[in-house]
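When a ligand or atom number is given, it counts from 1 through the structure's own listing order.
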Amino acid sequence: MESFPHDKHVLLGVTGSIAAYKSVLILRRLMEAGARVTVVMTSSAQQFIAPLTFQVLSRRPVYTSLFDPSDEIRHLTLAEQVDLILIAPATANIIGKIANGIADDLLTTLVTASRAPMVMAPAMDGDMWNYPVLQRNLSVLDGLGVHIVPPEEGLLASGKEGVGRLAPEEKILSAVLSRLNRREDLAGETVLVTAGPTQEPLDPVRYLTNRSSGKMGYALARAARGRGARVILVSGPTHLPCPANVERALVQTAAEMRDAVHRYFPETTLLIMAAAVADYRPRLRSEQKLKKEASTLFLELEPTPDILADLRSERGDRIMVGFAAETGNLLKRARAKLEQKGLDLIVANDVTQEGAGFDLDTNIVTLMNARGETTALPKLSKAETAERILDEIVKLKAGSRPKDRTLR
Ligand SMILES: Cc1cc2nc3c(=O)[nH]c(=O)nc-3n(C[C@H](O)[C@H](O)[C@H](O)COP(=O)(O)O)c2cc1C
């Protein structure tokens, strides 16, 4: 694990989950790592564990009330003093309140007042975890840059098996560390990220598309923003909220995506093409809805415009990164695409592998650079995969890139 930065003040928010006792272990681990930790408990959390436990172990007062008689405005002083807010475990309730800007107790009020990075580790029953409103709230928080450490599958307090167990301490600690150690190593860069699928209309109600959810591209946009870059996200149709402080241009077709990329290209210093752009589109688009007349309908398809084709001559020293989603012969195909498109780096994934590909929260990718060097990453969350891709890009920027961009 990375080393813990010196003299960091972590606010540990404990909420009313049966997993609240695990916060004691998290507190201990944070303190062993050298952090100063102030614990804030909701009133439900105190039904599960006493403030005294945290007070003794943290050797600091534990705060439980917004209206404690004191000579300071506690929620404002705490909000200002801390380097990071960790809420572990985070109940469905606290997630809903924070996602919606509700500030009705000490923890939610200080979150509203603080600009410190936030990590949340939800824990709850499987049915609560699958509740669509909870998932929508998590997407909102994710879009705002909150690092969510997802719960794991296993035996739950109800006695049922399901997803909802608080993530292991190790994972929570490592999320805290990566937020505290976050580098601003893309400051000054303008990163253009393409994301999501394209839709190629057939008639006014039908289109050809693919299974891309946009999650990988959005994770890259968010991660690049977190590292200090200006980020422009050219996105095909997706339900994902725009990440905070990212400029987004929504497009539908490959042709529109090409136009948007061309429009922003002059200001771009780093281009990451994570979108799953259609290779073909219907040659003719019917103005009227196609009727069910013949027993067989033949569709004539034509290639969509190649987004990169005319940009290669204007690229200068821009770094260009592409994706290859394949279903076989992964490295060979990725290498061919890297070479053919003149990319600096290609992110290859075999979408048939379990835990990789479209519409999942995890991915398994192999990075291949223009020197033919490959790095196979393990199964990681898309947020973590995005960070690792950016690490590789930062390395490429620092090193000398081969001028002819051909494989050696
Ligand atoms: C025995 C018991 C266990 C609970 N465990 C959880 C849990 O793990 N996760 C959760 O979201 N809510 C859980 N709840 C419900 C919360 O305590 C409840 O929604 C409460 O309002 C949360 O308040 P808080 O978010 O302010 O701490 C549990 C309730 C009980 C009675």
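Residue Asp125 has no N or O atom closer than 3.5 Å to an N or O atom of ligand 1. Looking at ligand 1, you'll find an N or O of Ser44 within less than 3.5 Å of one of its N or O atoms. Taking distance alone, with nitrogen or oxygen atoms compared against 3.5 Å, Ile18 approaches ligand 1 more closely than that limit. Geometrically, ligand 1 and Ala90 share no nitrogen or oxygen pair separated by less than 3.5 Å. An N or O contact shorter than 3.5 Å is missing between Lys97 and ligand 1 by distance. Any N or O atom pair closer than 3.5 Å counts here, and Ala45 shares no such pair with ligand 1. Ligand 1 has no N or O atom lying under 3.5 Å from any N or O atom of Thr15, backbone or side chain.
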Only pairs under 3.5 Å count here: list side-chain donor-acceptor contacts from residues 195-203, not counting sequence neighbours, and write none if there are none.
from	atom 1	to	atom 2	distance (Å)
Thr198	OG1	Glu200	OE2	3.1
Thr198	OG1	Ala278	N	3.0
Gln199	OE1	Gln252	NE2	3.3
Gln199	NE2	Tyr207	OH	3.2
Glu200	OE2	Ala254	N	2.9
Asp203	OD1	Val205	N	2.8
Asp203	OD1	Arg206	N	2.8
Asp203	OD2	Arg206	NH1	2.5
Asp203	OD2	Leu290	N	2.9

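The minimum heavy-atom distance linking Ala221 with Val246 is given by the pair O-CG2, 4.1 Å.
Contact check on Arg315 versus Asp344 returns a salt bridge, with a Lys/Arg side-chain nitrogen under 4.0 Å from an Asp/Glu carboxylate oxygen. A salt bridge is absent between Lys379 and Glu354; no separation between the charged side-chain nitrogens and carboxylate oxygens falls under 4.0 Å. A salt bridge does not link Lys397 with Asp185: none of the charged nitrogens is closer than 4.0 Å to a carboxylate oxygen.
The nearest protein heavy atom to atom 18 (C) of ligand 1 is not closer than 4.0 Å.
Against a heavy-atom cut-off of under 4.0 Å, Ala123 is close to the following atoms of ligand 1: 7 (C), 8 (O), 9 (N), 10 (C), 11 (O). Interface atoms of ligand 1 facing Thr42, defined by a heavy-atom separation under 4.0 Å, are 24 (P), 26 (O), 27 (O). Residue-ligand proximity, Met124 to ligand 1, at heavy-atom distances under 4.0 Å covers atoms 7 (C), 8 (O), 9 (N), 10 (C), 11 (O).
By the 6.0 Å contact criterion, CD on Glu287 is open, its count of non-hydrogen atoms from other residues, nucleotides or ligands being 12 or less.
Within the structure, no pair that satisfies the salt bridge (Lys or Arg N to Asp or Glu O under 4.0 Å) test touches residues 14-26, not counting sequence neighbours.
Counting heavy atoms under 4.0 Å from ligand 1, residue Met128 touches it through the side chain alone.
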